[in-house]
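Data first, discussion second: the structure below is written as structure tokens.
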Amino acid sequence: QVQLVESGGGLVQAGGSLRLSCAASGSIFSINAMGWYRQAPGKQRELVAGVTSGGSTNYADSVKGRFTISRDNAKNTTYLQMNSLKPEDTAVYYCNMGIRRSPRRYEYDYWGQGTQVTVSS
């Protein structure tokens, strides 16, 4: 069994910063891509940032220059550093990882439980 546990959300004023963490635990052989998504009330879930196993990153246009995704492979963890936060960044943030549990198993998508980020104006 694999679990993704997120931490670091909270309430912050506009212009402030937060750092989200997501750690995977359990029976893990390898982790491919890691990513962060968010879902605001009444909106669809959207990709915020992703990082490949090789370290290549991609970002939604709305967060470029403000957010930074990183990963620590030794800890099976991904981070999202969020700076210059805006009220429109308010959402539940979810981490996602493509994980293989053994060499003979396919890769599956796993999701964290979500963490609330609220940015006040």
Side-chain angles (χ1 to χ4, degrees):
Q1 191 163 347
V2 172
Q3 283 189 320
L4 273 58
V5 178
E6 304 171 13
S7 60
L11 173 64
V12 65
Q13 287 190 330
S17 298
L18 284 173
R19 188 191 194 211
L20 305 183
S21 300
C22 174
S25 62
S27 177
I28 297 171
F29 171 72
S30 64
I31 302 178
N32 193 2
M34 300 179 177
W36 289 92
Y37 291 73
R38 67 186 180 188
Q39 187 165 21
K43 294 188 177 182
Q44 288 189 329
R45 189 175 296 189
E46 62 174 356
L47 175 67
V48 175
V51 57
T52 68
S53 57
S56 297
T57 59
N58 64 286
Y59 298 92
D61 288 342
S62 59
V63 307
K64 282 181 182 177
R66 300 188 297 123
F67 290 11
T68 302
I69 188 171
S70 60
R71 62 189 287 165
D72 184 333
N73 293 325
K75 296 181 179 180
N76 291 336
T77 298
T78 180
Y79 306 96
L80 185 68
Q81 178 67 44
M82 305 184 293
N83 299 328
S84 303
L85 282 160
K86 304 175 181 180
E88 50 264 44
D89 294 319
T90 295
V92 178
Y93 284 70
Y94 299 89
C95 67
N96 170 268
M97 297 187 188
I99 297 175
R100 290 180 69 187
R101 295 179 57 192
S102 75
R104 292 185 291 179
R105 293 197 180 201
Y106 292 109
E107 177 182 312
Y108 288 98
D109 269 349
Y110 290 86
W111 292 88
Q113 80 282 5
T115 185
Q116 178 70 45
V117 171
T118 302
V119 184
S120 63
S121 57

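The two residues A24 and M97 make their nearest non-hydrogen contact at CB-SD, 3.7 Å. Shown here for V92 and G114, the closest heavy-atom pair between the two residues is CG1-CA, 3.9 Å. Across G98 and D109, no two heavy atoms sit closer than the pair CA-OD1, 4.0 Å. Nearest heavy-atom pair across T77 and A23 is OG1-CB, 3.6 Å. The shortest heavy-atom contact between Q39 and K43 is NE2-O, 3.1 Å. Nearest approach of A14 to P87, heavy atoms of both residues: CB-CD, 4.1 Å.
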Please evaluate residues R38 and E46 with respect to the criterion side chain to side chain contact (heavy atoms under 4.5 Å, CB included), reporting the C-alpha separation (whole Å), side-chain torsions for both, the decisive distance (0.1 Å), and the verdict.
CA-CA 6 Å; R38 67 186 180 188; E46 62 174 356; 2.7 Å; yes

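Not a single donor-acceptor pair under 3.5 Å links the side chain of E6 to the backbone N or O of L20. The main-chain N or O of R105 is found under 3.5 Å from a side-chain atom of R100 such that the two form a donor-acceptor pair. When atom types are taken as modelled, the side chain of R71 and the backbone of T52 share a donor-acceptor pair closer than 3.5 angstrom. Looking only at distances, a side-chain donor or acceptor of T90 sits under 3.5 Å from a matching main-chain atom of V119. Looking at Y59, its side chain never comes within 3.5 Å of a backbone N or O of G65 through a donor-acceptor pair.
Ion pairing between a basic and an acidic side chain is recognised when a charged N comes within 4.0 Å of a carboxylate O; D89 and K86 show no such pairing.
Y106 is connected to I99 through a chain of hydrophobic side-chain contacts under 4.5 Å among Ile, Leu, Val, Met, Phe, Trp and Tyr, so both are in one cluster. Following chains of ILVMFWY side-chain contacts shorter than 4.5 Å, one cannot reach Y37 starting from L85, and the two form parts of different hydrophobic clusters. In the hydrophobic clustering of ILVMFWY residues, with side-chain heavy atoms under 4.5 Å counting as a link, W111 and L47 come out together.
When the options N96, L4, I28 are evaluated for a side chain to side chain contact (heavy atoms under 4.5 Å, CB included) with Y110, the one that passes is L4. Checking each of V48, V63, N58, T57 against I69 for a side chain to side chain contact (heavy atoms under 4.5 Å, CB included) leaves exactly one that passes, namely T57.
For the pair R45 and Y94, the distance from NZ or CZ to the six-membered ring centre is under 6.0 Å and the angle to the ring normal is within 45 degrees. Judged by a 6.0 Å distance limit and a 45° cone about the ring axis, R101 is not positioned over the six-membered ring of Y108.
The OG1 atom of T68 lies 8.0 Å from the CG atom of L80; values are rounded to the nearest 0.5 Å.
Taking 4.5 Å as the limit, every side-chain heavy atom of M34 sits out of range of all side-chain heavy atoms of C22. Between L18 and F67 there is no side-chain heavy-atom pair separated by less than 4.5 Å.
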